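Reminder, nothing fancy here: chain letters follow the sequence lines and each chain counts from 1. Only a predicted model underlies this, so the values are computations on that prediction, with no experimental measurement involved.
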Amino acid sequence: MVDWSSLPVELLGLIARQLRFAQDYVRFGAVCKSWRRVILQRDGSLCSLLPLLMLAEKEFSDLREFCCPLTDRMFKLYLPEIRGKRCWGSSDGWLVTIGADFQMCLLNPLTRKQILLPPLHKCSNLNTLICSPEEFRDYFVCKVVLTSSPASSSCVILAIYSDFAKMALAKLGDESWTPLQSSSCLFLDVIYFGGQLYAIDSLGNIMIYSICGSCIETIPSNLIQSEDELEDRLLYLVDIGGQVHVVQRYVSEILITQTPERKTWKFEIYKLEAVSHKLEEINCLGDWSIFVGNNHSFAVSTSDHPECCSNCIYFTDDYSGISDPISHGYDVGIYIFENHKIQPFIGEDVSPARFSVPLWFRPVLV
Amino acid sequence: MIVLNSSDGATFEVEESVAVQSQTIKHMIEDNCADTSIPLPNVNGVTLARVLEYIKKHAEAKDDEEGLKSFDAEFVKVDQASLFEIILAANYLDIKGLLDLTCQTVADQIKDLTVEEVRAIFNIMNDFTPEEEAKLRNDHAWAFE
(Lines give C-alpha, C1' and ligand atoms only; values in the text may rest on other atoms or scores of the structure.)
Protein backbone atom coordinates (compact mmCIF):
# COMPACT_ATOMS: atom_id res chain seq x y z
CA MET A 1 0.00 0.00 0.00
CA VAL A 2 1.60 3.25 -1.06
CA ASP A 3 1.53 6.27 1.18
CA TRP A 4 1.09 9.44 -0.88
CA SER A 5 1.41 11.61 2.21
CA SER A 6 4.97 10.34 2.59
CA LEU A 7 6.08 11.45 -0.87
CA PRO A 8 9.24 13.58 -0.44
CA VAL A 9 8.45 17.26 -0.03
CA GLU A 10 10.21 18.30 -3.23
CA LEU A 11 8.07 15.89 -5.25
CA LEU A 12 4.87 17.08 -3.57
CA GLY A 13 6.10 20.53 -4.51
CA LEU A 14 6.44 19.53 -8.16
CA ILE A 15 2.84 18.33 -8.12
CA ALA A 16 1.61 21.46 -6.32
CA ARG A 17 3.39 23.64 -8.88
CA GLN A 18 1.06 22.25 -11.54
CA LEU A 19 -1.98 23.46 -9.60
CA ARG A 20 -1.98 26.99 -10.87
CA PHE A 21 -5.53 27.93 -10.07
CA ALA A 22 -5.84 29.33 -6.55
CA GLN A 23 -8.73 27.08 -5.48
CA ASP A 24 -6.95 23.87 -6.50
CA TYR A 25 -3.80 24.98 -4.72
CA VAL A 26 -5.63 25.69 -1.46
CA ARG A 27 -7.55 22.39 -1.61
CA PHE A 28 -4.25 20.53 -2.10
CA GLY A 29 -3.20 21.87 1.29
CA ALA A 30 -6.39 20.64 2.94
CA VAL A 31 -5.77 16.96 2.22
CA CYS A 32 -3.34 16.21 5.05
CA LYS A 33 -0.63 17.86 7.11
CA SER A 34 2.35 16.98 4.96
CA TRP A 35 0.60 18.34 1.84
CA ARG A 36 -0.34 21.49 3.74
CA ARG A 37 3.27 22.12 4.73
CA VAL A 38 4.18 22.14 1.06
CA ILE A 39 1.83 24.99 0.13
CA LEU A 40 2.74 27.06 3.15
CA GLN A 41 6.41 27.16 2.25
CA ARG A 42 7.54 30.70 1.74
CA ASP A 43 9.71 29.72 -1.18
CA GLY A 44 8.45 31.86 -4.04
CA SER A 45 9.41 29.35 -6.66
CA LEU A 46 6.92 26.86 -5.36
CA CYS A 47 3.82 28.93 -5.78
CA SER A 48 3.10 29.98 -9.32
CA LEU A 49 -0.57 30.76 -9.36
CA LEU A 50 -2.30 32.16 -12.41
CA PRO A 51 -3.13 35.86 -12.61
CA LEU A 52 -6.74 36.68 -11.88
CA LEU A 53 -9.01 39.48 -12.98
CA MET A 54 -10.57 41.10 -9.94
CA LEU A 55 -13.84 42.59 -11.09
CA ALA A 56 -15.08 45.98 -10.01
CA GLU A 57 -17.13 46.53 -6.90
CA LYS A 58 -20.75 45.50 -7.17
CA GLU A 59 -23.54 47.53 -5.66
CA PHE A 60 -24.86 46.23 -2.33
CA SER A 61 -22.30 43.44 -2.05
CA ASP A 62 -19.20 42.78 0.00
CA LEU A 63 -18.28 39.91 -2.28
CA ARG A 64 -15.65 40.54 -4.92
CA GLU A 65 -15.46 38.31 -7.93
CA PHE A 66 -12.16 36.94 -9.12
CA CYS A 67 -12.10 35.32 -12.49
CA CYS A 68 -9.46 33.47 -14.35
CA PRO A 69 -10.34 34.21 -17.96
CA LEU A 70 -7.56 31.88 -18.98
CA THR A 71 -9.46 28.92 -17.58
CA ASP A 72 -13.04 30.20 -17.36
CA ARG A 73 -13.12 29.60 -13.63
CA MET A 74 -14.09 32.08 -10.98
CA PHE A 75 -14.73 32.45 -7.28
CA LYS A 76 -15.92 35.11 -4.88
CA LEU A 77 -14.18 36.40 -1.81
CA TYR A 78 -15.89 38.10 1.08
CA LEU A 79 -13.97 41.39 1.36
CA PRO A 80 -15.92 44.08 3.17
CA GLU A 81 -12.62 45.80 3.95
CA ILE A 82 -12.20 47.04 0.38
CA ARG A 83 -15.71 48.26 -0.19
CA GLY A 84 -15.48 51.89 -1.17
CA LYS A 85 -11.76 51.63 -1.84
CA ARG A 86 -9.85 52.10 -5.01
CA CYS A 87 -7.39 49.27 -5.69
CA TRP A 88 -4.36 48.54 -7.84
CA GLY A 89 -3.11 45.05 -8.65
CA SER A 90 0.35 43.51 -8.45
CA SER A 91 2.09 40.27 -9.25
CA ASP A 92 3.02 39.64 -5.63
CA GLY A 93 -0.30 38.70 -4.11
CA TRP A 94 -1.15 42.03 -2.49
CA LEU A 95 -3.40 44.85 -3.64
CA VAL A 96 -2.71 48.50 -2.89
CA THR A 97 -5.90 50.11 -1.60
CA ILE A 98 -6.98 53.64 -0.78
CA GLY A 99 -10.20 54.61 0.92
CA ALA A 100 -12.23 57.79 1.07
CA ASP A 101 -10.44 58.65 4.31
CA PHE A 102 -6.87 59.05 2.99
CA GLN A 103 -5.97 55.64 4.42
CA MET A 104 -3.70 53.53 2.22
CA CYS A 105 -3.06 49.83 2.81
CA LEU A 106 -1.75 46.69 1.27
CA LEU A 107 -4.22 43.83 1.32
CA ASN A 108 -3.77 40.14 0.49
CA PRO A 109 -7.29 39.11 -0.57
CA LEU A 110 -6.63 35.42 0.00
CA THR A 111 -5.46 35.78 3.59
CA ARG A 112 -7.17 39.14 4.29
CA LYS A 113 -4.03 40.39 5.99
CA GLN A 114 -3.49 44.14 5.74
CA ILE A 115 -0.40 46.31 6.07
CA LEU A 116 -0.86 50.01 6.69
CA LEU A 117 1.09 52.42 4.49
CA PRO A 118 2.29 55.88 5.53
CA PRO A 119 -0.05 58.78 4.73
CA LEU A 120 0.50 59.98 1.17
CA HIS A 121 -1.56 63.12 1.73
CA LYS A 122 1.11 64.26 4.20
CA CYS A 123 3.98 63.81 1.76
CA SER A 124 6.47 66.67 1.89
CA ASN A 125 5.99 67.62 -1.74
CA LEU A 126 2.32 68.36 -1.24
CA ASN A 127 1.91 71.83 0.19
CA THR A 128 -1.73 72.44 0.62
CA LEU A 129 -4.14 69.75 -0.31
CA ILE A 130 -7.30 71.33 -1.57
CA CYS A 131 -9.24 68.26 -2.57
CA SER A 132 -11.63 66.24 -0.42
CA PRO A 133 -10.71 62.72 0.74
CA GLU A 134 -13.04 61.28 -1.92
CA GLU A 135 -11.40 63.35 -4.64
CA PHE A 136 -8.01 62.24 -3.32
CA ARG A 137 -9.03 58.62 -3.77
CA ASP A 138 -10.88 59.10 -7.05
CA TYR A 139 -8.35 61.03 -9.09
CA PHE A 140 -5.72 62.92 -7.11
CA VAL A 141 -3.80 59.68 -6.64
CA CYS A 142 -3.21 58.32 -10.12
CA LYS A 143 -1.42 55.02 -9.66
CA VAL A 144 0.19 53.22 -6.75
CA VAL A 145 2.24 50.09 -7.31
CA LEU A 146 3.70 47.41 -5.12
CA THR A 147 6.93 46.33 -6.74
CA SER A 148 7.69 43.08 -4.96
CA SER A 149 6.49 40.86 -2.14
CA PRO A 150 6.21 42.57 1.26
CA ALA A 151 8.28 39.66 2.56
CA SER A 152 11.23 40.86 0.48
CA SER A 153 13.65 43.39 1.90
CA SER A 154 13.66 45.34 -1.35
CA CYS A 155 9.91 45.89 -1.32
CA VAL A 156 9.10 49.41 -2.49
CA ILE A 157 5.73 51.07 -3.02
CA LEU A 158 5.62 53.76 -5.70
CA ALA A 159 2.92 56.38 -6.10
CA ILE A 160 2.08 58.76 -8.95
CA TYR A 161 -0.25 61.57 -7.96
CA SER A 162 -1.30 65.18 -8.37
CA ASP A 163 -2.41 64.97 -12.01
CA PHE A 164 0.51 62.69 -12.86
CA ALA A 165 2.97 65.40 -11.93
CA LYS A 166 4.40 64.01 -8.71
CA MET A 167 5.92 60.73 -7.53
CA ALA A 168 6.95 59.32 -4.19
CA LEU A 169 8.21 56.08 -2.78
CA ALA A 170 7.82 54.27 0.52
CA LYS A 171 9.35 51.17 2.05
CA LEU A 172 7.45 49.07 4.54
CA GLY A 173 7.84 50.49 8.00
CA ASP A 174 8.50 54.02 6.72
CA GLU A 175 6.60 56.70 8.58
CA SER A 176 6.43 58.96 5.59
CA TRP A 177 6.79 58.91 1.82
CA THR A 178 10.01 59.99 0.14
CA PRO A 179 9.26 62.31 -2.77
CA LEU A 180 11.04 61.78 -6.06
CA GLN A 181 12.81 64.77 -7.58
CA SER A 182 10.15 66.59 -9.50
CA SER A 183 10.33 67.80 -13.04
CA SER A 184 7.87 69.25 -15.45
CA CYS A 185 6.63 66.05 -16.97
CA LEU A 186 3.61 63.87 -16.51
CA PHE A 187 4.46 60.41 -15.24
CA LEU A 188 2.49 57.53 -16.66
CA ASP A 189 4.16 54.50 -15.14
CA VAL A 190 6.94 53.57 -12.77
CA ILE A 191 8.71 50.31 -11.93
CA TYR A 192 11.48 49.13 -9.67
CA PHE A 193 14.31 47.61 -11.69
CA GLY A 194 17.85 46.65 -10.78
CA GLY A 195 17.76 48.52 -7.49
CA GLN A 196 16.57 51.73 -9.15
CA LEU A 197 13.30 53.30 -10.18
CA TYR A 198 12.41 53.71 -13.84
CA ALA A 199 9.62 56.13 -14.70
CA ILE A 200 8.16 56.96 -18.09
CA ASP A 201 6.54 60.26 -18.92
CA SER A 202 3.78 61.04 -21.35
CA LEU A 203 6.27 61.74 -24.15
CA GLY A 204 8.02 58.42 -23.70
CA ASN A 205 11.12 59.76 -21.97
CA ILE A 206 12.45 57.46 -19.29
CA MET A 207 13.82 58.79 -16.01
CA ILE A 208 15.96 56.70 -13.72
CA TYR A 209 15.87 57.52 -10.02
CA SER A 210 17.87 56.29 -7.08
CA ILE A 211 16.09 54.78 -4.13
CA CYS A 212 16.52 58.03 -2.18
CA GLY A 213 14.54 60.01 -4.75
CA SER A 214 17.15 61.84 -6.82
CA CYS A 215 17.08 61.64 -10.58
CA ILE A 216 20.15 59.86 -11.92
CA GLU A 217 19.51 59.91 -15.62
CA THR A 218 17.00 60.89 -18.27
CA ILE A 219 16.73 58.81 -21.40
CA PRO A 220 15.06 60.88 -24.11
CA SER A 221 12.90 59.12 -26.65
CA ASN A 222 11.04 60.09 -29.74
CA LEU A 223 8.17 57.70 -29.23
CA ILE A 224 5.60 60.44 -29.29
CA GLN A 225 6.21 63.18 -31.79
CA SER A 226 3.65 65.78 -30.98
CA GLU A 227 1.37 66.92 -28.22
CA ASP A 228 -1.63 65.93 -30.34
CA GLU A 229 -0.82 62.30 -29.98
CA LEU A 230 -0.98 62.37 -26.18
CA GLU A 231 -4.74 61.91 -26.03
CA ASP A 232 -4.70 58.50 -27.57
CA ARG A 233 -1.57 56.90 -26.19
CA LEU A 234 -0.84 55.26 -22.88
CA LEU A 235 2.60 54.07 -21.88
CA TYR A 236 3.72 51.37 -19.48
CA LEU A 237 7.06 50.01 -18.32
CA VAL A 238 7.45 46.25 -17.88
CA ASP A 239 10.31 44.01 -16.85
CA ILE A 240 10.21 41.12 -19.30
CA GLY A 241 12.83 38.46 -18.72
CA GLY A 242 15.16 40.84 -16.90
CA GLN A 243 15.00 43.68 -19.44
CA VAL A 244 12.99 46.88 -19.34
CA HIS A 245 10.38 47.23 -22.06
CA VAL A 246 8.05 50.06 -22.99
CA VAL A 247 4.48 49.17 -23.90
CA GLN A 248 2.57 51.71 -25.96
CA ARG A 249 -1.21 51.37 -25.92
CA TYR A 250 -3.36 53.06 -28.54
CA VAL A 251 -6.86 54.05 -27.58
CA SER A 252 -9.45 55.67 -29.75
CA GLU A 253 -13.11 56.52 -29.82
CA ILE A 254 -15.24 53.81 -31.30
CA LEU A 255 -18.94 54.07 -31.83
CA ILE A 256 -20.64 51.37 -29.78
CA THR A 257 -24.36 51.38 -30.30
CA GLN A 258 -25.03 55.14 -30.27
CA THR A 259 -22.36 56.24 -27.84
CA PRO A 260 -18.68 56.81 -28.61
CA GLU A 261 -16.49 54.78 -26.27
CA ARG A 262 -12.75 54.88 -25.81
CA LYS A 263 -11.37 51.45 -26.60
CA THR A 264 -7.90 50.04 -27.11
CA TRP A 265 -7.10 49.07 -30.67
CA LYS A 266 -3.35 48.46 -30.80
CA PHE A 267 -0.19 47.83 -28.79
CA GLU A 268 3.45 48.30 -29.62
CA ILE A 269 6.36 47.05 -27.57
CA TYR A 270 9.87 48.43 -27.41
CA LYS A 271 12.87 46.93 -25.67
CA LEU A 272 15.15 49.34 -23.84
CA GLU A 273 18.69 48.30 -24.75
CA ALA A 274 20.67 48.01 -21.54
CA VAL A 275 23.83 49.71 -22.73
CA SER A 276 22.89 52.02 -25.58
CA HIS A 277 19.56 52.96 -23.97
CA LYS A 278 17.92 52.94 -27.37
CA LEU A 279 14.35 51.80 -27.75
CA GLU A 280 13.99 48.98 -30.25
CA GLU A 281 10.60 47.84 -31.39
CA ILE A 282 9.97 44.13 -31.03
CA ASN A 283 7.22 42.24 -32.77
CA CYS A 284 7.13 39.06 -30.79
CA LEU A 285 7.02 38.45 -27.07
CA GLY A 286 8.12 34.85 -27.39
CA ASP A 287 7.18 32.81 -24.33
CA TRP A 288 5.80 35.73 -22.37
CA SER A 289 2.43 37.27 -21.72
CA ILE A 290 2.17 40.65 -20.07
CA PHE A 291 -0.48 42.24 -17.89
CA VAL A 292 -0.98 46.01 -17.95
CA GLY A 293 -3.56 48.46 -16.77
CA ASN A 294 -4.66 49.05 -13.25
CA ASN A 295 -1.67 47.26 -11.78
CA HIS A 296 2.10 47.09 -11.46
CA SER A 297 2.81 45.97 -15.01
CA PHE A 298 4.15 42.42 -14.98
CA ALA A 299 5.12 39.59 -17.29
CA VAL A 300 4.42 35.89 -16.90
CA SER A 301 6.45 33.15 -18.51
CA THR A 302 4.14 30.87 -20.47
CA SER A 303 6.55 27.98 -20.23
CA ASP A 304 5.81 27.97 -16.50
CA HIS A 305 2.16 28.84 -17.04
CA PRO A 306 0.93 27.14 -20.18
CA GLU A 307 -2.61 28.32 -19.45
CA CYS A 308 -1.51 31.85 -20.36
CA CYS A 309 -1.56 32.76 -24.00
CA SER A 310 2.02 33.41 -25.08
CA ASN A 311 2.86 36.50 -27.09
CA CYS A 312 -0.25 38.24 -25.77
CA ILE A 313 -1.02 41.35 -23.74
CA TYR A 314 -3.77 41.16 -21.13
CA PHE A 315 -5.07 44.64 -20.44
CA THR A 316 -7.61 46.38 -18.27
CA ASP A 317 -9.08 49.80 -18.06
CA ASP A 318 -6.97 52.26 -16.14
CA TYR A 319 -7.78 55.51 -17.82
CA SER A 320 -11.51 55.96 -17.83
CA GLY A 321 -14.20 55.85 -15.22
CA ILE A 322 -12.51 58.51 -13.18
CA SER A 323 -13.23 61.49 -15.36
CA ASP A 324 -15.64 60.17 -17.97
CA PRO A 325 -18.53 57.98 -17.02
CA ILE A 326 -18.30 54.57 -18.69
CA SER A 327 -21.56 53.49 -20.17
CA HIS A 328 -21.03 50.35 -22.13
CA GLY A 329 -18.42 48.28 -20.45
CA TYR A 330 -14.80 48.39 -19.50
CA ASP A 331 -11.89 48.31 -21.90
CA VAL A 332 -10.62 44.88 -20.88
CA GLY A 333 -9.30 42.14 -23.11
CA ILE A 334 -6.40 40.26 -24.66
CA TYR A 335 -4.29 41.66 -27.48
CA ILE A 336 -2.88 38.88 -29.61
CA PHE A 337 0.43 40.17 -30.83
CA GLU A 338 0.71 37.71 -33.68
CA ASN A 339 -2.24 38.99 -35.66
CA HIS A 340 -2.86 42.27 -33.84
CA LYS A 341 -6.39 41.27 -32.96
CA ILE A 342 -8.18 41.97 -29.73
CA GLN A 343 -10.37 39.58 -27.79
CA PRO A 344 -12.46 41.68 -25.45
CA PHE A 345 -13.79 40.41 -22.13
CA ILE A 346 -17.41 41.26 -21.99
CA GLY A 347 -20.41 40.56 -19.90
CA GLU A 348 -19.56 42.66 -16.91
CA ASP A 349 -21.76 45.46 -15.69
CA VAL A 350 -20.10 48.78 -15.05
CA SER A 351 -19.85 49.50 -11.34
CA PRO A 352 -21.70 52.49 -9.97
CA ALA A 353 -18.52 53.14 -7.97
CA ARG A 354 -16.59 55.04 -10.64
CA PHE A 355 -13.24 54.65 -8.91
CA SER A 356 -13.62 50.86 -9.04
CA VAL A 357 -12.40 49.21 -12.22
CA PRO A 358 -11.26 45.65 -12.98
CA LEU A 359 -7.63 44.88 -12.28
CA TRP A 360 -5.06 42.15 -12.91
CA PHE A 361 -3.51 40.55 -9.89
CA ARG A 362 -1.47 37.46 -9.22
CA PRO A 363 -2.43 35.77 -5.95
CA VAL A 364 0.01 34.46 -3.39
CA LEU A 365 -1.07 32.28 -0.50
CA VAL A 366 1.40 33.26 2.21
CA MET B 1 24.94 -2.07 -23.85
CA ILE B 2 24.41 -1.32 -20.19
CA VAL B 3 23.10 -3.83 -17.68
CA LEU B 4 20.79 -2.62 -14.94
CA ASN B 5 19.89 -4.59 -11.80
CA SER B 6 16.66 -3.82 -9.99
CA SER B 7 16.19 -4.04 -6.23
CA ASP B 8 14.53 -7.44 -6.54
CA GLY B 9 17.22 -9.00 -8.71
CA ALA B 10 15.77 -8.53 -12.20
CA THR B 11 18.28 -7.72 -14.94
CA PHE B 12 17.71 -5.42 -17.90
CA GLU B 13 19.87 -4.64 -20.90
CA VAL B 14 19.62 -1.25 -22.51
CA GLU B 15 21.70 0.78 -24.97
CA GLU B 16 23.96 3.33 -23.30
CA SER B 17 22.65 6.11 -25.55
CA VAL B 18 19.15 5.42 -24.28
CA ALA B 19 20.12 4.87 -20.63
CA VAL B 20 21.81 8.26 -20.32
CA GLN B 21 18.40 9.96 -20.37
CA SER B 22 18.71 9.13 -16.69
CA GLN B 23 21.16 11.66 -15.28
CA THR B 24 21.84 9.29 -12.40
CA ILE B 25 22.91 6.48 -14.72
CA LYS B 26 24.80 8.96 -16.88
CA HIS B 27 26.90 10.10 -13.91
CA MET B 28 27.53 6.51 -12.82
CA ILE B 29 28.86 5.67 -16.28
CA GLU B 30 31.03 8.78 -16.31
CA ASP B 31 32.41 7.91 -12.89
CA ASN B 32 33.24 4.44 -14.12
CA CYS B 33 30.88 2.66 -11.76
CA ALA B 34 29.37 0.71 -14.61
CA ASP B 35 31.93 -1.96 -15.31
CA THR B 36 29.76 -5.00 -15.16
CA SER B 37 26.30 -3.78 -14.26
CA ILE B 38 24.60 -0.90 -12.50
CA PRO B 39 22.75 -1.75 -9.30
CA LEU B 40 19.56 0.24 -8.71
CA PRO B 41 18.51 -0.70 -5.19
CA ASN B 42 15.75 1.92 -5.12
CA VAL B 43 13.74 0.63 -8.07
CA ASN B 44 11.92 -2.69 -8.34
CA GLY B 45 11.76 -4.79 -11.50
CA VAL B 46 8.22 -3.95 -12.55
CA THR B 47 8.78 -0.21 -12.24
CA LEU B 48 12.19 -0.34 -13.90
CA ALA B 49 10.66 -2.13 -16.86
CA ARG B 50 8.08 0.66 -17.22
CA VAL B 51 10.70 3.37 -16.95
CA LEU B 52 12.80 1.67 -19.62
CA GLU B 53 9.74 1.52 -21.86
CA TYR B 54 9.47 5.31 -21.51
CA ILE B 55 13.09 6.14 -22.21
CA LYS B 56 13.32 3.68 -25.10
CA LYS B 57 10.31 5.27 -26.78
CA HIS B 58 11.60 8.77 -26.16
CA ALA B 59 14.97 7.84 -27.64
CA GLU B 60 13.70 6.20 -30.80
CA ALA B 61 10.84 8.59 -31.57
CA LYS B 62 12.69 11.72 -30.49
CA ASP B 63 11.40 14.00 -33.23
CA ASP B 64 7.86 12.70 -33.46
CA GLU B 65 6.13 15.19 -31.19
CA GLU B 66 2.62 13.96 -31.88
CA GLY B 67 3.57 10.32 -31.47
CA LEU B 68 5.32 10.98 -28.16
CA LYS B 69 2.33 12.98 -26.91
CA SER B 70 -0.05 10.08 -27.46
CA PHE B 71 2.48 7.61 -26.08
CA ASP B 72 2.81 9.72 -22.91
CA ALA B 73 -0.97 9.96 -22.54
CA GLU B 74 -1.31 6.17 -22.67
CA PHE B 75 1.78 5.60 -20.55
CA VAL B 76 0.29 7.33 -17.51
CA LYS B 77 -2.95 5.36 -17.58
CA VAL B 78 -1.89 3.19 -14.68
CA ASP B 79 -3.14 2.60 -11.16
CA GLN B 80 -2.25 4.93 -8.30
CA ALA B 81 0.31 2.61 -6.76
CA SER B 82 2.23 2.23 -10.01
CA LEU B 83 2.14 5.98 -10.62
CA PHE B 84 3.61 6.50 -7.15
CA GLU B 85 6.45 4.04 -7.86
CA ILE B 86 7.18 5.63 -11.25
CA ILE B 87 7.40 9.11 -9.70
CA LEU B 88 9.87 7.92 -7.11
CA ALA B 89 11.86 6.05 -9.75
CA ALA B 90 11.91 9.04 -12.12
CA ASN B 91 13.17 11.19 -9.26
CA TYR B 92 15.84 8.72 -8.19
CA LEU B 93 16.98 8.13 -11.77
CA ASP B 94 16.72 11.87 -12.50
CA ILE B 95 14.69 11.65 -15.71
CA LYS B 96 13.18 15.13 -15.99
CA GLY B 97 10.65 14.44 -18.75
CA LEU B 98 9.19 11.44 -16.94
CA LEU B 99 9.08 13.26 -13.60
CA ASP B 100 7.29 16.25 -15.13
CA LEU B 101 4.84 13.97 -16.94
CA THR B 102 3.91 11.93 -13.87
CA CYS B 103 3.63 14.95 -11.55
CA GLN B 104 1.43 16.72 -14.09
CA THR B 105 -0.73 13.60 -14.27
CA VAL B 106 -1.28 13.55 -10.53
CA ALA B 107 -2.04 17.29 -10.53
CA ASP B 108 -4.57 16.87 -13.34
CA GLN B 109 -6.30 14.13 -11.38
CA ILE B 110 -6.42 16.22 -8.21
CA LYS B 111 -7.82 19.30 -9.98
CA ASP B 112 -11.25 17.83 -10.44
CA LEU B 113 -11.61 16.16 -7.07
CA THR B 114 -12.89 17.32 -3.72
CA VAL B 115 -10.60 16.94 -0.73
CA GLU B 116 -12.49 13.83 0.41
CA GLU B 117 -12.20 12.27 -3.04
CA VAL B 118 -8.45 12.92 -3.13
CA ARG B 119 -8.05 11.22 0.24
CA ALA B 120 -10.06 8.23 -0.92
CA ILE B 121 -8.35 7.75 -4.27
CA PHE B 122 -4.85 8.36 -3.01
CA ASN B 123 -5.44 6.47 0.20
CA ILE B 124 -4.39 9.34 2.45
CA MET B 125 -5.35 9.58 6.08
CA ASN B 126 -6.83 12.83 7.28
CA ASP B 127 -4.49 13.77 10.11
CA PHE B 128 -6.08 17.12 10.91
CA THR B 129 -8.13 17.39 14.09
CA PRO B 130 -11.76 18.41 13.50
CA GLU B 131 -10.91 21.88 14.84
CA GLU B 132 -7.89 22.25 12.54
CA GLU B 133 -9.90 21.16 9.54
CA ALA B 134 -12.77 23.49 10.37
CA LYS B 135 -10.39 26.44 10.69
CA LEU B 136 -8.72 25.61 7.39
CA ARG B 137 -12.01 25.49 5.54
CA ASN B 138 -13.23 28.61 7.26
CA ASP B 139 -10.13 30.65 6.41
CA HIS B 140 -10.54 29.85 2.74
CA ALA B 141 -14.20 28.99 2.36
CA TRP B 142 -14.10 30.23 -1.24
CA ALA B 143 -11.85 27.35 -2.24
CA PHE B 144 -14.21 24.68 -0.99
CA GLU B 145 -17.44 25.70 -2.63
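Heavy-atom pairs under 4.5 Å with chain A were tallied for Q80(B), E116(B), R137(B); the largest tally goes to Q80(B). Counting heavy-atom pairs closer than 4.5 Å to chain A, the top-ranked of the candidates T105(B), D100(B), V106(B) is V106(B). Counting heavy-atom pairs closer than 4.5 Å to chain B, the top residue among D24(A), V31(A), V26(A), L12(A) is V31(A). Interface remark: of the candidates W35(A), F66(A), Y78(A), W35(A) forms the most heavy-atom pairs closer than 4.5 Å to chain B.
For L113(B), the part lying near chain A is the backbone, with the side chain staying farther off; criterion is any non-hydrogen pair under 4.5 Å. The part of E85(B) that comes within reach of chain A is its side chain, from C-beta onward, which places non-hydrogen atoms under 4.5 angstrom from that chain. Proximity to chain B (any heavy atom under 4.5 Å) is shown, for K33(A), by both the backbone and the side chain.
Atoms NZ and CZ, from K111(B) and F21(A) in turn, are 11.0 Å apart once rounded to the nearest 0.5 Å. Expressed to the nearest 0.5 Å, how far CD of E133(B) lies from SG of C32(A) amounts to 11.0 Å. Atom CG of residue L14(A) and atom CG of residue N91(B) lie 7.5 Å apart, to the nearest 0.5 angstrom. Interatomic distance, I110(B) CD1 to Y25(A) OH, rounded to the nearest 0.5 Å: 12.5 Å. For the atom pair CD (Q104(B)) and CZ (R17(A)), the distance works out to 11.5 Å, reported to the nearest 0.5 Å.
Residues L88(B) and L7(A) have side chains in contact (heavy-atom distance under 4.5 Å, counting atoms from C-beta outward). Taking the side chain as every heavy atom from C-beta outward, W142(B) and P109(A) never approach each other to under 4.5 Å. Within the 4.5 Å cutoff, side-chain heavy atoms of R36(A) are placed close to those of F128(B). Counting heavy atoms from C-beta outward, I15(A) and T102(B) have side chains that stay 4.5 Å or more apart. When side chains are defined from C-beta on, I124(B) does not count as touching D3(A), because their heavy atoms never get closer than 4.5 Å.
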Practice item. Could you walk me through whether N123(B) and V2(A) pass the side-chain contact (heavy atoms from CB on, under 4.5 Å) test, one step at a time? Key: CA-CA 8 Å; N123(B) 217 16; V2(A) 298; over 6 Å; no

Point to revise | Stepwise side-chain contact (heavy atoms from CB on, under 4.5 Å) check, F84(B) with S6(A) | key: CA-CA 11 Å; F84(B) 184 86; S6(A) 72; 4.3 Å; yes

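Within 6.0 Å of CD in E338(A) there are 12 or fewer heavy atoms belonging to other residues, nucleotides or ligands. No more than 12 heavy atoms of other residues, nucleotides or ligands lie within 6.0 Å of NZ in K135(B), so this atom counts as exposed by the packing criterion.
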